[in-house]
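Structure in structure tokens, see below.
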Amino acid sequence: MDTENQSQLSTWHGYVDWKNKPALTNKHGGLIPASFVLVVEVLENLAYLANASNLVLYMSEYMHFSPSKSANSVTNFMGTAFLLALLGGFLSDAFCTTYYIYLISALIEFQGLVVLTIQARSGSLKPPTCDLQATPNVPCEQVHGAQAAMLFIGLYLVALGVGGIKGSLPPHGAEQFDESTPQGRKQRSSFFNYFVFCLSFGALIAVTFVVWIEDNKGWQWGFGISTLAIFLSIPIFLAGSSFYRNKIPSGSPLTTISKVLIAALVNSGASRNSTSAIVSMTSSPSPPIPTGKENGEDSNRKDVGSMHTPSTSLSFLNRAVSDTPACSSSAFECSVQQVEEVKIVMKILPIFACTIMLNCCLAQLSTFSVHQAASMNTKVGSLKVPPASLPVFPVVFIMILAPVYDHFIIPFARRVTKTEMGISHLQRIGIGLFLSIVAMGIAALVEIKRKRVATDSGLINSAQPLPITFFWIAFQYLFLGSADLFVLAGLLEFCFSEAPVSMRSLATSLSWASLAIGYYLSSVIVSIVNRVTGISTNKPWLAGSSLNHYHLDRFYWLMCILSALNFMHYLFWATKYKYTSLKSSK
């Protein structure tokens with residue numbers, strides 16, 4: 001092997017190429033293997049979102065849940081799917097590579113979609129159909145028993161598969177780039193932008209073509225298309241095997257985090273001399289976790305591995321490294337490097353927590369906003385647009401904005417700021433959080449207008465479409481979609497670039513966990529709002545069979561206020577954060 005290739009390979013410390021072949025050394029870097037990941041993301045998100053975006057109507061019209069129960073069922077399903085991304089990220093870091101976790105997860109999602117397709121195709125596996133307009137005094141039979149079991153087994157197999165994919169696919173793509181060079185870091189930043197672009201492209205097909213198929217040809221066809229999409233993603237992913245490089249799992253990151261926290265807690269509770277010295281890295285019997293710094297892999301990061309004394313931030317964790325430990329067990333002996341890595345994770349967590357409220361707002365796009373659109377005039381000329389296709393507005397905008405951001409806004413910002421990043425990760429996340437405040441304010445104003453039209457036209461108690469175009473709902477979709485682009489891409493790259501190499505998949509999964517907690521929080525807020533308003537007014541804001549009797553505008557104003565408070569909370573933590581990745585702050 002020539003000197004150039006040896007030099008190149010030295011920067012891939014901690015990674016192995018599939019089939020042990022030399023990593024790509026051409027000018028395109030990791031673009032070739034990452035391109036397979038991007039194509040797979042189109043198919044994967046098509047399979048997931050084709051059902052998630054329209055599932056609230058399937059649950060209410062075919063499984064006969066009430067609007068609020070349908071909304072909670074969908075948010076719980078989506079929340080579980082995204083929360084399980086932590087499991088996928090953990091397994092990728094600790095035991096398997098992202099390569100294997102994706103393949104296993106795709107097969108699990110495929111099985112879940114097969115179950116849902118069979119149920120949607122067979123009338124005997126669903127509750128009997130009913131028509132409230134023809135027989136208003138006959139209540140619909142809600143799904144129960146074995147039928148409900150089949151429904152939720154299929155849904156949560158899909159959720160388990162989606163979680164594993166979300167936790168493994170983004171870090172797998174990002175791992176293909178050499179971050180020791182400016183070109184590699186820029187390409188990795190572009191990858192995250194185009195990852196969101198491809199995610200949106202899959203969503204565009206899902207909320208237009210597949211949703212139209214579900215509404216006009218039947219849900220068995222919609223589930224069938226999703227099944228085919230996730231099945232096709234597997235051979236496409238495998239086609240890139242000869243190009244991939246995979247990070248070598250270095251053991252459970254949770255073990256390191258737990259060990260440092262327990263050691264710090266135990267040592268802090270023990271009486272010791274105030275002059276207890278902090279042992280250096282070389283005196284610690286615990287082997288250092290590979291960071292890649294030794295061979296230049298992570299040369300843009302602060303040199304955590306070479307530190308002999310802990311930093312002064314989060315100083316309570318420094319007690320985990322003591323020459324007079326309270327616990328004699330060698331299992332709790334920590335190195336300075338391990339302490340510093342846990343500190344990095346601890347500093348990331350407040351930023352992650354501040355993005356949860358945005359995702360709570362995004363949950364409304366899959367629930368109440370779909371019901372709003374369903375009550376309005378959804379015709380465009382002679383074409384009737386399915387309400388679940390409303391996400392086409394933010395999706396198209398994201399697909400336009402993502403390349404514009406990458407090819408025009410970022411290069412311009414780099415020239416103006418004279419920095420490699422141009423716009424930092426935290427600035428990008430902050431823009432998204434601010435847009436979410438605007439979005440919820442607009443959503444409240446649109447709902448006030450919709451209710452006024454219902455009252456003026458005498459249709460407040462009717463199930464007929466209101467004489468107001470569903471395009472009014474597009475405004476809240478547009479602003480929330482823009483917020484999602486800024487926050488999701490920014491948080492994915494922020495977590496990946498800032499986290500220790502041994503914890504990157506798990507850290508990147510925090511972006512999806514934020515979505516999960518946001519969806520769960522949405523369900524909790526709806527329940528709390530109904531309980532509190534039911535006590536004070538004897539009529540909950542968000543209860544009943546008709547959306548026209550909801551006080552949805554008040555709920556949106558509440559979300560707007562909570563988003564504003566969350567934004568101020570974010571500003572506090574963002575201004576205090578010090579980048580671990582030096583190039584991110586230069």
(message) As an exercise, state the distance from CD of Glu109 to CD1 of Ile165, rounded to the nearest 0.5 Å.
(response)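 Nearest 0.5 Å value for the CD-CD1 distance: 4.5 Å.
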
(request) On the 0 to 90° scale, with breaks at 30° and 60°, tag the Phe77-Tyr48 ring pair as parallel, tilted or perpendicular. (result)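 If you compare the ring of Phe77 with that of Tyr48, the planes turn out tilted.
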
(request) Show the numbers, then the answer: is there a salt bridge (Lys or Arg N to Asp or Glu O under 4.0 Å) between Glu44 and Lys166? (result) CA-CA 9 Å; Glu44 181 275 325; Lys166 299 297 186 188; 3.2 Å; yes

(message) Can you tell me which residue among Thr80, Asn359, Asn76 is in a side-chain hydrogen bond (donor to acceptor under 3.5 Å, both in side chains) with Tyr520?
(response)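 Only one of Thr80, Asn359, Asn76 forms a side-chain hydrogen bond (donor to acceptor under 3.5 Å, both in side chains) with Tyr520, namely Thr80.
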
(request) Please check if the distance between the ring centroids of Phe494 and Phe192 is under 6.0 Å. (result)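 Between Phe192 and Phe494, which both carry aromatic rings, the centre distance is not below 6.0 Å.
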
(request) Please tell me if the side chains of Leu426 and Trp573 come closer than 4.5 Å, counting only heavy atoms from C-beta onward. (result)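 The answer is no; the side chains never approach within 4.5 Å.
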
(message) Please evaluate residues Phe393 and Phe475 with respect to the criterion side chain to side chain contact (heavy atoms under 4.5 Å, CB included), reporting the C-alpha separation (whole Å), side-chain torsions for both, the decisive distance (0.1 Å), and the verdict.
(response) CA-CA 8 Å; Phe393 294 107; Phe475 290 107; over 6 Å; no

(message) Can you tell me if Tyr156 has over 12 outside heavy atoms packed within less than 6.0 Å of its OH?
(response) yes

(request) Run through Leu83, Leu86, Leu492 and flag the one making a side-chain contact (heavy atoms from CB on, under 4.5 Å) with Trp512. (result) Leu492

(message) Just checking Phe201: does its CZ atom have more than 12 heavy atoms from other residues, nucleotides or ligands closer to it than 6.0 angstrom?
(response)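 Atom CZ in Phe201 is not crowded, with 12 or fewer foreign heavy atoms closer than 6.0 Å.
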
(request) For residues 528-552, pull every pair meeting salt bridge (charged side-chain N to carboxylate O under 4.0 Å, His left out), keeping only residues two or more places apart or in separate chains. (result)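 Every candidate salt bridge (charged side-chain N to carboxylate O under 4.0 Å, His left out) pair involving residues 528-552 fails, so no pair, neighbours aside, qualifies.
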
(message) For Arg414, is the CZ atom crowded, meaning more than 12 foreign heavy atoms sit under 6.0 Å from it?
(response) yes

(request) Give the ring-plane orientation class for Phe237 versus His172, where under 30° counts as parallel, over 60° as perpendicular and anything between as tilted. (result) tilted

(message) What I want to check is whether the side chains of Ser233 and Tyr102 have a donor and an acceptor closer together than 3.5 Å.
(response) yes

Would you give me the side-chain donor-acceptor pairs under 3.5 Å for residues 428-442, sequence neighbours excluded?
{"residue": "Arg428", "atom": "NH1", "partner": "Asn193", "partner atom": "OD1", "Å": "2.8"}
{"residue": "Arg428", "atom": "NH2", "partner": "Asn193", "partner atom": "OD1", "Å": "2.6"}
{"residue": "Ser436", "atom": "OG", "partner": "Leu433", "partner atom": "O", "Å": "2.5"}

(request) Would you please name every residue forming a side chain to side chain donor-acceptor pair (under 3.5 Å) with Ser122, sequence neighbours left out? (result)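 Scan of Ser122 (side chain to side chain donor-acceptor pair (under 3.5 Å), adjacent residues dropped) gives Ser124.
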
(message) Please check this pair: side chain of Ser522 against backbone of Gly518, looking for a donor-acceptor N/O pair closer than 3.5 Å.
(response)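 Checking the backbone N and O of Gly518 against the side chain of Ser522, no donor-acceptor pair under 3.5 Å is found.
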
(message) Does Phe209, at its CZ atom, have more than 12 non-hydrogen atoms belonging to other residues, nucleotides or ligands within less than 6.0 Å?
(response) no

